[in-house]
S.K.: 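Could you have a look at this structure, given as structure tokens, before my questions?
One-based numbering, in listed order, for ligands and for the atoms of each.
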Amino acid sequence: MKTVYFDHAATTPVDERVLEAMTPYFTEHYGNANSPHQLGNNAKVAVEEARETIAEIIGAEPAEIIFTSGGTESDNTAIKGALSATGGSEIITSSLEHHAVLHTSEAMKRNGGKPVYVEADSEGYIDPAKVEEAINDDTALVSLMHVNNEIGTINPLKEISEVCKKHDIPFHSDTVQSVGKIPVDVDELGLDFLSISGHKIYGPKGIGVFYMRHATPWLPWMHGGSQERRRRGGTLNVPGIIGLAKAMELAVDEMEEHKKHFQSLRKRLIAGLDGIFGDRYQINGDKENGVPHIINIAFLDPQGDGLDGEMLLLNLDVEGICVSNGSACTSGAMEPSHVLEGIGLNNKTANSSIRLSLGKDNTAEEIDYFLEKIELVVNRMMSTAEA
Ligand SMILES: *Cc1c(COP(=O)(O)O)cnc(C)c1O
């Protein structure tokens with residue numbers, strides 16, 4: 001059976017060109033980048049080149065780039081590092097963030113931290129004015145993502161950063177879903193910290209970047225050796241770093257081409273869904289201005305109740321189609337996605353939703369295959385629901 005993969009916001013395959021760049025660093029150039037000999041030096045030179053490449057892509061200085069194990073660690077690094085360095089205790093964020101930000105912020109309660117949630121509108125946007133209202137003398141950090149991983153909404157980071165600057169509050173953004181998809185420049189967006197992950201952009205898993213603007217109050221939380229100028233202990237993941245730099249280079253070089261491809265696939269998908277379902281489905285989030293490759297869809301049965309999204313996902317899986325939903329199964333009961341809940345969807349609609357996240361290698365034929373199967377599956381589920 002063929003596999004149709006529409007879950008690129010969860011992870012992507014490693015691009016062959018990335019793998020090729022990485023391979024010698026597993027075998028031939030296996031040195032520890034901190035070792036004082038030739039093998040170590042070979043690795044170090046390659047790492048510093050990768051650091052320069054990445055810094056240039058996001059408009060940073062190489063010394064402002066710290067390699068981490070991925071998006072989750074970078075988010076932890078921003079929140080924990082800012083909280084321990086500034087006098088403040090409040091972390092201004094939103095309930096639409098990735099769990100790497102949400103759960104880290106919640107965990108900071110044990111250290112006297114206090115998460116403060118700014119509400120999003122029904123399309124997932126954070127209003128900079130609301131951020132400003134939430135800022136006070138106890139604010140340690142504002143952390144708001146760039147592109148939402150479930151609904152694709154693009155937050156107005158530039159406007160939010162202006163508010164932060166005005167009040168002298170450090171600003172972190174989880175840019176895991178925006179890097180390589182839309183332009184990300186730390187000065188343009190006014191960021192003090194950002195998080196990047198390799199495996200969302202056809203790089204390897206377990207590697208990421210934490211960007212830290214020079215002179216921003218911040219303390220390390222991962223202690224160990226003197227790597228990364230004592231800001232992040234641990235032997236450098238040399239092949240991962242080489243792979244991440246290559247993946248970022250490719251993603252940025254091919255960004256426009258991919259964007260056009262996603263726009264055309266999205267158009268085909270929506271035209272198909274309109275034809276099959278009419279008003280028995282809806283797109284969650286911003287329908288026009290989000291990133292084109294993330295499409296979050298709720299299916300509504302004729303009574304207006306939602307379909308069982310979990311069952312829908314399983315039925316599609318049987319047909320070889322991989323999609324996702326943001327809901328979590330906690331103690332046997334379905335919890336709606338915190339993002340869909342955060343934009344005000346009721347439980348039924350939220351639980352009837354699935355997310356498609358397209359990748360560069362998806363084809364029009366795969367969209368057509370999805371449309372054929374979704375029609376079968378949803379109609380079958382609706383007739384069972386009526387019976
Ligand atoms: C995937 C993802 C993360 C986590 O990145 P990892 O490298 O898997 O730890 C964080 N934030 C967002 C928005 C993500 O999509």
Side-chain angles (χ1 to χ4, degrees), residues 5-14 18 54 58 65-80 91 93-107 115 120 124-126 141-155 157 160 171-182 184 189 191 193-211 221-222 232 234 237 239-241 243-245 247-248 251 285 290-291 293-296 322-328 337-340 342-343 355-359:
Y5 187 74
F6 288 145
D7 201 13
H8 295 82
T11 197
T12 57
V14 171
V18 170
I54 293 167
I58 62 167
I65 302 294
I66 299 175
F67 291 109
T68 66
S69 66
T72 302
E73 186 187 325
S74 296
D75 288 346
N76 271 266
T77 303
I79 293 167
K80 295 177 181 177
I91 309 139
T93 183
S94 112
S95 67
L96 271 52
E97 291 294 310
H98 190 272
H99 283 144
V101 166
L102 284 180
H103 291 167
T104 306
S105 302
E106 283 294 322
Y125 290 99
I126 303 294
L141 177 73
V142 172
S143 179
L144 291 164
M145 72 204 311
H146 199 187
V147 166
N148 186 281
N149 50 303
E150 285 191 39
I151 54 177
T153 301
I154 306 169
N155 259 327
L157 293 194
I160 297 169
F171 182 31
H172 165 250
S173 185
D174 177 332
T175 59
V176 168
Q177 294 287 349
S178 60
V179 162
K181 301 297 191 313
I182 58 174
V184 174
L189 297 173
L191 299 177
F193 304 118
L194 71 68
S195 308
I196 294 173
S197 171
H199 73 102
K200 305 292 175 80
I201 53 169
Y202 301 92
K205 294 169 179 64
I207 187 73
V209 156
F210 175 62
Y211 156 80
W221 69 287
M222 184 93 141
R232 198 275 191 186
N237 174 357
I241 290 167
L244 173 59
M248 280 183 68
V291 289
H293 67 288
I294 296 181
I295 307 126
N296 198 303
C322 307
V323 299
S324 89
N325 62 359
S327 42
S337 137
H338 65 280
V339 173
L340 299 182
I343 59 171
R355 175 194 68 186
L356 275 69
S357 45
L358 308 175

S.K.: Looking only at protein heavy atoms, which one is nearest to atom 1 (C) of ligand 1, and how far off is it?
M.R.: Lys200 NZ, 1.4 Å
S.K.: Measure the CD-OG distance between Glu97 and Ser143 for me, rounded to the nearest 0.5 Å.
M.R.: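 Here the interatomic distance stands at 5.0 Å.
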S.K.: Run through Leu189, Leu191, Ile65 and flag the one making a side-chain contact (heavy atoms from CB on, under 4.5 Å) with Ile58.
M.R.: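 Only one of Leu189, Leu191, Ile65 forms a side-chain contact (heavy atoms from CB on, under 4.5 Å) with Ile58, namely Ile65.
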S.K.: Please state whether the rings of Phe210 and Phe193 are parallel, tilted or perpendicular, taking 30° and 60° as the class boundaries.
M.R.: parallel
S.K.: Just to confirm my output: which protein heavy-atom neighbour is closest to atom 6 (P) of ligand 1, and how far is it?
M.R.: Gly71 N, 3.5 Å
S.K.: Ignoring angles and geometry beyond distance, decide whether Ser69 reaches within less than 3.5 Å of ligand 1 through its nitrogen or oxygen atoms.
M.R.: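 No; every N/O pair is 3.5 Å or more apart.
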S.K.: In terms of residue, atom name and distance, what is the protein heavy atom nearest to atom 7 (O) of ligand 1?
M.R.: Ser197 OG, 2.7 Å
S.K.: Contact between Phe67 and Ile54 at the side-chain level, heavy atoms closer than 4.5 Å - yes or no?
M.R.: yes
S.K.: Just need the protein heavy atom nearest to atom 8 (O) of ligand 1, so name the residue and atom and give the distance.
M.R.: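 Going by distance alone, atom 8 (O) of ligand 1 is nearest to His199 NE2, 2.8 Å.
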S.K.: Could you list which atoms of ligand 1 come closer than 4.0 Å to a heavy atom of Val176?
M.R.: 2 (C), 10 (C), 11 (N), 12 (C), 14 (C), 15 (O)
S.K.: Looking only at distance, does Val147 have an N or O less than 3.5 Å from an N or O of ligand 1?
M.R.: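 There is no such contact.
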S.K.: Any side-chain heavy-atom pair from Glu150 and Asn325 closer than 4.5 angstrom?
M.R.: no
S.K.: Relative to atom 11 (N) of ligand 1, which among Ile207, Asp174, Asn149 owns the nearest non-hydrogen atom?
M.R.: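 Closest candidate by heavy-atom distance is Asp174.
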S.K.: Considering only heavy atoms, does Thr72 approach ligand 1 within less than 4.0 Å through its side chain, its backbone, both, or neither?
M.R.: both
S.K.: Relative to ligand 1, is Lys205 under 4.0 angstrom through side chain, backbone, both or neither, heavy atoms considered?
M.R.: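 Neither part.
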